[in-house]
Amino acid sequence: MSKDVMAELKKDHISKLLTKGTRSDGRGFEEMRELKITTDYIKSAEGSARVQLGGTDVVVGVKLMVGKPFDDTPDKGVLTTNAELIPMASETFESGPPDKESIEISRVIDRGIREGHAVDLSKLCIEKGVEVWIMFLDVHVVDFDGNLFDAANIAANAALKTAVVPAKRAGKGEDYPLPLMHTPISLTAVKIDDKILVDPTHDEERVADARLTVTTIENGNLCAMQKGLEGSFSIEEVFKVIEMSRRLGAETRTRLPG
Amino acid sequence: MSKDVMAELKKDHISKLLTKGTRSDGRGFEEMRELKITTDYIKSAEGSARVQLGGTDVVVGVKLMVGKPFDDTPDKGVLTTNAELIPMASETFESGPPDKESIEISRVIDRGIREGHAVDLSKLCIEKGVEVWIMFLDVHVVDFDGNLFDAANIAANAALKTAVVPAKRAGKGEDYPLPLMHTPISLTAVKIDDKILVDPTHDEERVADARLTVTTIENGNLCAMQKGLEGSFSIEEVFKVIEMSRRLGAETRTRLPG
Amino acid sequence: MSKDVMAELKKDHISKLLTKGTRSDGRGFEEMRELKITTDYIKSAEGSARVQLGGTDVVVGVKLMVGKPFDDTPDKGVLTTNAELIPMASETFESGPPDKESIEISRVIDRGIREGHAVDLSKLCIEKGVEVWIMFLDVHVVDFDGNLFDAANIAANAALKTAVVPAKRAGKGEDYPLPLMHTPISLTAVKIDDKILVDPTHDEERVADARLTVTTIENGNLCAMQKGLEGSFSIEEVFKVIEMSRRLGAETRTRLPG
Amino acid sequence: MGGMTTDIKLIDENGRRVDGRTPDEMRPLKIEAGVLKRADGSAYVEWGLNKVLAAVYGPRECHPRHMQNPTRALVQCKYNMAAFSVDDRKRPGPDRRSQEISKITSEALSHVVFTEYFPRASIDVYVEVLQANAGTRCAGLTAASVALADAGVPMRDLVASCAAGKAAGVVMVDLGKEEDNFGEADIPVGYVPRTKEIVLLQMDGDLTHDEYTKGLNMAIKGCEKVYDIQRDALRRRYEARSLDSDIGAPEGVQKEVA
Amino acid sequence: MGGMTTDIKLIDENGRRVDGRTPDEMRPLKIEAGVLKRADGSAYVEWGLNKVLAAVYGPRECHPRHMQNPTRALVQCKYNMAAFSVDDRKRPGPDRRSQEISKITSEALSHVVFTEYFPRASIDVYVEVLQANAGTRCAGLTAASVALADAGVPMRDLVASCAAGKAAGVVMVDLGKEEDNFGEADIPVGYVPRTKEIVLLQMDGDLTHDEYTKGLNMAIKGCEKVYDIQRDALRRRYEARSLDSDIGAPEGVQKEVA
Amino acid sequence: MGGMTTDIKLIDENGRRVDGRTPDEMRPLKIEAGVLKRADGSAYVEWGLNKVLAAVYGPRECHPRHMQNPTRALVQCKYNMAAFSVDDRKRPGPDRRSQEISKITSEALSHVVFTEYFPRASIDVYVEVLQANAGTRCAGLTAASVALADAGVPMRDLVASCAAGKAAGVVMVDLGKEEDNFGEADIPVGYVPRTKEIVLLQMDGDLTHDEYTKGLNMAIKGCEKVYDIQRDALRRRYEARSLDSDIGAPEGVQKEVA
């Protein structure tokens with residue numbers, strides 16, 4: 001019960017600030033938190049990045065290994081995305097098999113990277129129907145203060161941009177950079193009391209009515225979208241978040257390597 | 001505790017009716033509930049049927065795919081039966097891995113179909129020791145009012161009778177009807193206060209002392225049997241249920257397609 | 001709470017006896033319980049032994065089958081050790097997936113056998129990189145009164161010594177005795193109130209501060225060691241247990257077949 | 001999107017789709033309320049070649065207790081596909097996709113249910129896909145809404161659901177299976193017609209701003225058509241019930257619908 | 001039945017079986033009660049080449065609590081096969097077969113235990129198959145009965161268990177492994193000799209009415225022989241205990257047996 | 001030990017190791033305390049090519065309740081390796097190795113924490129290996145100690161951890177990856193410097209008595225060096241905190257360290 005009292009007090013506090021046009025950390029509604037990107041963070045991975053977005057800290061590693069393609073895409077590499085919300089990162093994360101939250105996060109990150117064609121999977125075919133590169137994108141969240149969607153998306157992009165296909169180790173010729181196509185950047189906004197704010201903190205996420213993640217590529221096209229939470233959006237609000245995603249995504253894209 | 005009080009009252013009510021020679025839905029002791037069979041219900045399955053037996057409603061689908069035979073039966077197809085007691089069908093069914101009830105039901109349905117040689121598994125061999133047809137018999141219970149054993153057995157038989165081996169899709173020649181041999185029909189009876197009643201409702205099952213399922217084929221031979229619950233049967237009672245199974249099974253068999 | 005009272009009383013009792021230089025079953029500190037070894041106990045196994053060490057009773061079976069080697073040891077057989085602490089053996093063992101206790105026990109038994117090179121795995125290669133013998137060492141604990149580590153270690157050694165590679169059944173030539181190298185014997189001691197006692201009973205284990213298992217081979221060399229529980233050992237105490245392990249291990253070794 | 005290639009012509013020279021529809025034409029949709037006996041409310045949806053059942057149990061006590069919310073009911077949807085509902089048999093049990101759909105369906109339904117009327121309770125919604133042919137999450141959400149109303153759960157309005165997307169370069173409503181597999185984008189929408197709120201929204205593929213705008217509007221128009229059919233189904237159900245008895249009329253949204 | 005074919009002659013020219021038995025001759029059966037220290041009651045059964053242990057814990061508190069029955073004890077049997085008990089190593093842990101056997105064994109034992117004496121309690125029975133050679137469920141139920149009596153659990157009578165079947169066209173008692181694998185039918189029976197009640201009954205294969213009648217009678221005759229050996233084992237155990245002390249004599253059925 | 005063979009020269013003609021170290025030289029070790037925001041205490045350890053994070057939550061309520069100890073806190077460590085921390089991607093989730101390490105790490109830490117101050121509580125320690133290069137259990141235990149102190153958990157002393165071993169016949173401290181894979185023995189040690197107590201001790205490989213004595217002493221000397229670096233890290237952390245505010249200074253061991 002006390003938890004709910006706390007939640008209510010927190011919501012009151014956040015709401016009051018929002019009425020005055022500000023947020024508890026002083027940001028504007030359309031302002032992202034400080035972003036720090038470290039690439040090549042993990043030597044045992046073929047590509048890696050650590051991204052700190054405000055108080056959220058994620059490490060993403062890319063691993064590649066030779067394996068069999070799926071039957072219906074015999075000439076394409078395979079992308080597998082997995083997000084581990086380990087209890088180190090927050091008292092709200094628990095050990096054990098992935099719950100609905102981590103599954104949704106895994107799938108939303110995956111959808112952005114996959115549908116935005118970050119990687120040219122057709123160039124990860126070794127022998128059609130027989131051997132392709134299997135790519136694992138593992139997201140390890142070590143400190144959590146909200147908006148995992150975007151922190152992990154940025155880290156995934158950064159890790160991919162520095163990844164190398166370990167062809168030599170596998171006896172498949174010389175190593176080469178992971179063949180990339182687009183840089184699909186996600187932007188997540190939440191709605192609290194009819195205000196739309198981007199890059200929510202954990203406290204903001206907890207009191208939010210609705211959440212929307214929009215992923216765009218360089219030319220402004222949309223490649224993925226995910227609405228969450230029990231609240232609703234009007235059509236206008238959806239288009240407002242799309243606009244924010246294009247604008248802030250373009251800024252974020254400049255921060256990434258190569 | 002209140003549950004047990006309800007169970008006791010229910011048992012009293014059912015017992016009183018039985019003393020008068022009748023059942024809560026007015027049926028005689030050896031009378032089945034209304035049976036409705038719809039075949040070809042599911043287009044995505046190679047064979048399918050929906051069976052409504054009173055208030056129990058099950059959908060059975062047959063799927064076939066090419067796979068490896070078992071080591072000790074290299075020239076035979078493989079039959080796998082699975083019953084899903086999904087929570088949609090009853091407040092007593094729970095999500096999660098199959099419990100003892102669903103395992104018993106799966107195995108009893110499987111035993112009837114397998115031991116009664118409904119399918120000629122030797123005709124499902126493609127190449128001895130290398131490739132055979134793997135047949136999945138999936139039982140999906142959508143509404144539950146007792147006697148899943150018989151409802152699922154009838155649905156399985158009906159689904160098999162309309163099933164086609166999808167040889168063409170698998171590049172193994174022309175499609176052909178699933179090679180069938182027998183029609184093993186099960187009959188389930190419960191014992192309440194020394195009375196034997198067939199095709200129990202959920203309420204009758206809950207107050208029953210013992211349960212017996214007997215499966216017979218066309219010539220009256222026995223192919224499978226399963227006693228359940230904590231009560232007992234005398235030898236005479238066992239033979240009484242066998243006789244019922246032969247008689248009522250023959251009636252049910254006429255209701256099935258070709 | 002009552003459990004803790006019992007534990008405290010038990011500890012008091014055991015402590016008092018230890019001060020007098022004795023143990024509740026009258027043994028000296030460095031005295032093992034009675035050991036009974038029965039080999040060839042299980043006909044369905046390729047090698048087997050039942051070992052009773054005081055009130056602890058374990059059955060170990062060795063099974064061999066043809067399989068693929070690991071990538072990094074293409075010319076060696078594979079050893080897999082599994083200990084099942086089934087609820088039959090003690091009210092403290094539970095059904096379900098292995099808990100930390102059984103995992104530690106499995107791994108400590110495995111480490112002794114593996115690091116002590118009991119089996120010459122290089123002689124279990126059939127075709128390099130393609131086919132080797134996969135050896136399963138299954139430990140089944142049926143009655144538990146402490147010191148599973150040593151009881152299982154002895155049973156494993158005894159089972160290995162009588163094991164036969166079933167080459168004929170697998171169509172790989174004639175059967176031959178499992179190729180053996182060493183006999184790594186473990187000795188487990190616990191520390192209670194600064195006293196070190198070997199081969200602890202279940203009651204002694206429960207009140208022990210720390211536990212140390214030391215495994216040695218014929219020439220006195222050390223091959224494995226595992227400290228357990230929340231207490232500590234001084235360096236001198238570690239060397240004391242090592243000495244005990246060499247001495248008592250040599251005695252145990254004489255009790256094993258061939 | 002599937003990312004597979006095909007020879008199928010998704011749009012012919014007359015601008016017609018694979019199944020002869022125009023781009024803004026939905027597949028035939030039939031809804032029936034109250035189709036199951038055991039559940040508190042239920043609905044059957046046949047949408048093109050999709051066959052979906054929804055059942056509602058509750059409001060009832062929420063298990064496990066630590067999940068209970070002291071101020072409101074939890075709406076918990078479980079979306080599940082029958083093993084035989086797809087061409088390649090689906091392994092029974094929840095996979096990541098179905099868990100994500102369960103989550104966003106639960107959230108969408110929570111928005112319209114007066115959860116505050118039932119503190120600590122659970123309202124369980126089961127969606128079973130018996131035959132799948134693209135668009136099952138929309139069909140499931142549509143069915144679930146009707147089942148909730150059929151159960152008499154008080155609701156602000158029904159949620160109607162429909163998708164739009166792009167295939168062969170054409171923006172179109174309600175993608176069929178080939179359009180989903182070989183098309184370029186999909187936008188599933190859950191919509192509350194009376195308040196014009198979007199409660200479920202996803203997107204994947206590649207869309208310009210104009211395409212997205214067109215697609216979203218098409219999907220919403222689709223939702224409005226679905227809404228009419230939902231209300232018809234409930235009206236028929238209400239009339240049928242009224243004939244049966246004058247007590248037991250479902251409460252909540254049906255009052256509006258009737 | 002196994003459905004495998006063989007060159008083994010299951011019946012020779014003199015009407016003798018593979019192991020020299022006549023059709024109505026059982027394999028040698030030895031039973032010993034009280035073989036484990038930790039358990040409250042136990043029994044060891046050696047039946048032909050089967051080696052089976054049973055242990056009983058309880059009546060004790062039933063965990064988890066929501067399983068408790070306020071009016072009676074639960075008899076919960078877990079049947080388990082050791083990994084090395086069969087020719088091809090069995091993966092540890094419960095499979096569907098062992099769960100079904102656990103269920104029907106629990107039900108059979110519940111019939112004879114005075115469960116109403118111990119409301120809310122659990123009586124846990126563990127059956128471990130160390131060496132398997134056809135007929136383990138009968139051996140397990142036989143052992144479990146004796147272990148319950150050894151634990152002093154009050155019982156109406158012992159359950160005795162034996163199977164009959166058909167192989168090479170001959171109806172015979174107590175099938176051995178080859179007869180089970182290559183034979184035509186099996187009928188395992190659990191029987192309460194004093195009241196002539198059948199508490200466990202299964203059948204699979206193909207039997208005419210006459211064959212079944214003959215088989216069931218043979219199995220029951222087998223049960224009666226088993227019963228004598230069970231009673232002998234308990235008598236010996238009781239005498240051994242009496243020599244040890246005059247307190248602690250087991251209660252319940254042993255009074256009758258002694 | 002790995003048991004693999006290699007062409008790598010583990011000791012060169014000058015007695016130098018693969019990475020140029022002398023036998024008694026440790027790899028570079030950096031420790032930073034207080035690196036995570038969400039956790040109550042944390043530490044980062046970079047030890048050669050190992051990168052390890054530790055986080056502490058608690059003392060807090062212990063879930064599930066039946067795990068609670070009425071007289072003291074439970075120290076529960078979970079050791080986990082990120083999927084990308086090793087060359088061949090590791091499947092997420094606990095395996096047997098990590099569960100064993102979790103257990104012995106928990107036990108070692110329990111020895112130094114004043115668990116009796118927090119009856120019924122849980123002190124949760126999470127160790128995440130981001131990059132692994134031999135010696136991760138020592139790095140993890142070292143990091144966990146510092147994280148506990150950073151969390152203000154009252155402790156008798158820090159646990160310092162370091163391994164020694166043998167490679168190419170030479171006894172050496174702190175094995176690197178090649179030395180671990182191709183060497184002859186490893187002895188991980190957890191040590192409490194002030195009281196000279198060994199709280200974690202394992203060994204595998206092949207060592208004479210003299211080699212073992214030399215190795216153990218080397219490992220302990222290594223622990224003493226680690227201890228100094230741990231204390232430095234905490235001193236820096238304490239000073240940094242003091243600058244921030246004069247309240248909130250961590251209690252317990254830091255008082256000593258400062």
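From a predicted model like this one, the values you see are computed outputs, not experimental measurements. Numbers restart at 1 for each chain; the letters A, B, ... are given by sequence-line order, proteins then strands.
The distance from atom CG of E/Asp87 to atom NZ of C/Lys43, rounded to the nearest 0.5 Å, is 13.5 Å. Summarising the geometry, atom CZ belonging to C/Phe136 is positioned 9.5 Å from atom CZ belonging to E/Arg91; distances are rounded to the nearest 0.5 Å. The CG atom of E/Leu36 sits 11.5 Å away from atom OG of C/Ser90, with the distance rounded to the nearest 0.5 Å. Here OH of E/Tyr126 is found 12.0 Å from CZ of C/Phe93. Values are rounded to the nearest 0.5 Å.
Proximity to chain C (any heavy atom under 4.5 Å) is shown, for E/Asp124, by neither the backbone nor the side chain. Of the atoms belonging to C/Ser95, it is side-chain heavy atoms, and not backbone ones, that fall under 4.5 Å from chain E. Both the backbone and the side chain of E/Lys37 come within contact range of chain C, each with at least one heavy atom under 4.5 Å from a heavy atom of that chain. For C/Lys63, the part lying under 4.5 angstrom from a heavy atom of chain E is the side chain only.
In this structure, the side chains of C/Val59 and E/Phe84 come closer than 4.5 Å at one or more pairs of heavy atoms.
Annotation: maximal heavy-atom pairing with chain E below 4.5 Å, among C/Gly55, C/Pro87, C/Gly61, occurs at C/Pro87. Contact count versus chain E (heavy atoms, under 4.5 Å) is highest, among C/Ala89, C/Ala45, C/Pro98, C/Gly96, for C/Ala89. Of all the listed residues (E/Ala132, E/Ala39, E/Ser85), the one sharing the greatest number of non-hydrogen pairs under 4.5 Å with chain C is E/Ser85. Residue with the most contacts toward chain E among C/Met65, C/Glu84, C/Glu91: C/Glu91 (heavy-atom pairs, distance under 4.5 Å).
Few gaps surround OH on C/Tyr176; more than 12 heavy atoms of other groups in view lie less than 6.0 Å from it. For C/Lys11, the NZ atom counts as densely surrounded, since its 6.0 Å shell holds more than 12 non-hydrogen atoms of other residues, nucleotides or ligands. The 12-atom threshold is exceeded at CD of C/Glu31, counting heavy atoms of other residues, nucleotides or ligands nearer than 6.0 Å.
In this structure, C/Ile86 and E/Glu128 approach most closely via the heavy-atom pair CD1-CD, 3.2 Å. In terms of heavy atoms, E/Leu53 sits closest to C/Met88 at O-CE, 3.4 Å. Taking both residues in full, the closest heavy atoms of E/Arg38 and C/Asp145 are given as NH2-OD1, 3.2 Å, listed atom of the first, atom of the second, then distance. Counting all heavy atoms, side chain and backbone alike, E/Leu130 lies closest to C/His140 at CD2-CD2, 4.0 Å. Nearest heavy atoms, E/Pro92 versus C/Asp138: CG-OD1, 4.4 Å.
With C/Tyr41 as the aromatic partner, E/Lys51 meets the cation-pi criteria of under 6.0 angstrom to the ring centre and within 45 degrees of the ring axis.
E/Arg89 pairs in a side chain to side chain contact (heavy atoms under 4.5 Å, CB included) with only one of the listed residues (C/Ile134, C/Asn82, C/Leu64), which is C/Asn82.
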